[in-house]
Amino acid sequence: MSEETIDALIDAARDAASRAYAPYSGFHVGAALLLKDGSVVTGANVENASYGLTLCAETAAIAKIANEGWIGELAEVAIVGGRPDGDALIGSDPVNPCGRCRQILNEAAERSKTDILVHCASGDGNAVKSYRLSELLPAAFGPKDLGLID
Ligand code: THU
């Protein structure tokens, strides 16, 4: 994937973060999923007064593609997070996906038969670190362990 395409995916994640519902943490996260056909589906975190019920951005985005029947179409992911300052996000460190989101991304990655790239970007956009999902979640448990796919 070219630098420009990665930047476009990060921009889509940043746009999604602007729609985060995060009144408790004040930390806005956006996730952008690139599908094999080139389309992009996004999600943002959705918090809850019962804090532990919070939905992460990646989870919200994966739920969207699963509900459209596209769980086996995932190609790459970008994640951006930070604290809002007007239209911008503050934060100089790339945001890493939480453990639960790694597992949820793995479900779609295995179904897509792709060791997806996950681009983690800082709120200020100056730092990006890219990983294979297998680096973030080695020896994953997934649908292949249940004999559902090869
Ligand atoms: N968050 C995400 O949306 N994705 C992650 O992978 C890490 C954390 C959200 C959850 C919560 O709303 C806020 O970031 C602070 O933890």
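Just so it is clear, the values below take in all heavy atoms, side chains as well, and ignore hydrogens, waters and symmetry mates. Quantities reported herein were computed from a predicted structural model and do not represent experimental measurements. As the structure lists them, so they are numbered: ligands from 1, and atoms in each ligand from 1.
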Residues in side chain to side chain contact (heavy atoms under 4.5 Å, CB included) with Asn48, at least two apart? Ser50, Leu53
Side chain to side chain contact (heavy atoms under 4.5 Å, CB included) involving Ala109 - partner list, sequence neighbours excluded: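 Listed in chain order: Ile116, Leu133.
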Side-chain heavy atoms under 4.5 angstrom apart, residues restricted to Ile, Leu, Val, Met, Phe, Trp, Tyr: same cluster for Val77 and Val128? no
Ligand 1 N/O to protein N/O, distances under 3.5 Å:
unit_1	atom_1	unit_2	atom_2	d
ligand 1	3 (O)	Ala57	N	2.9
ligand 1	4 (N)	Glu58	OE1	2.8
ligand 1	6 (O)	Glu58	OE1	3.4
ligand 1	6 (O)	Glu58	OE2	2.6
ligand 1	6 (O)	Cys98	N	2.9
ligand 1	12 (O)	Asn45	ND2	2.9
ligand 1	12 (O)	Glu47	OE2	2.4

Pairs in or reaching into residues 50-89: which pass ring pair (Phe, Tyr, Trp, His ring centres under 6.0 Å), with residues at least two apart or in two chains?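 Listed by first then second residue: Tyr24-Tyr51.
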Are Lys144 and Glu110 within salt-bridge range, i.e. N to O under 4.0 Å?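 So Lys144 pairs with Glu110 through a salt bridge.
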Heavy atoms from other residues, nucleotides or ligands near CZ of Arg100 exceed 12 (cutoff 6.0 Å): no
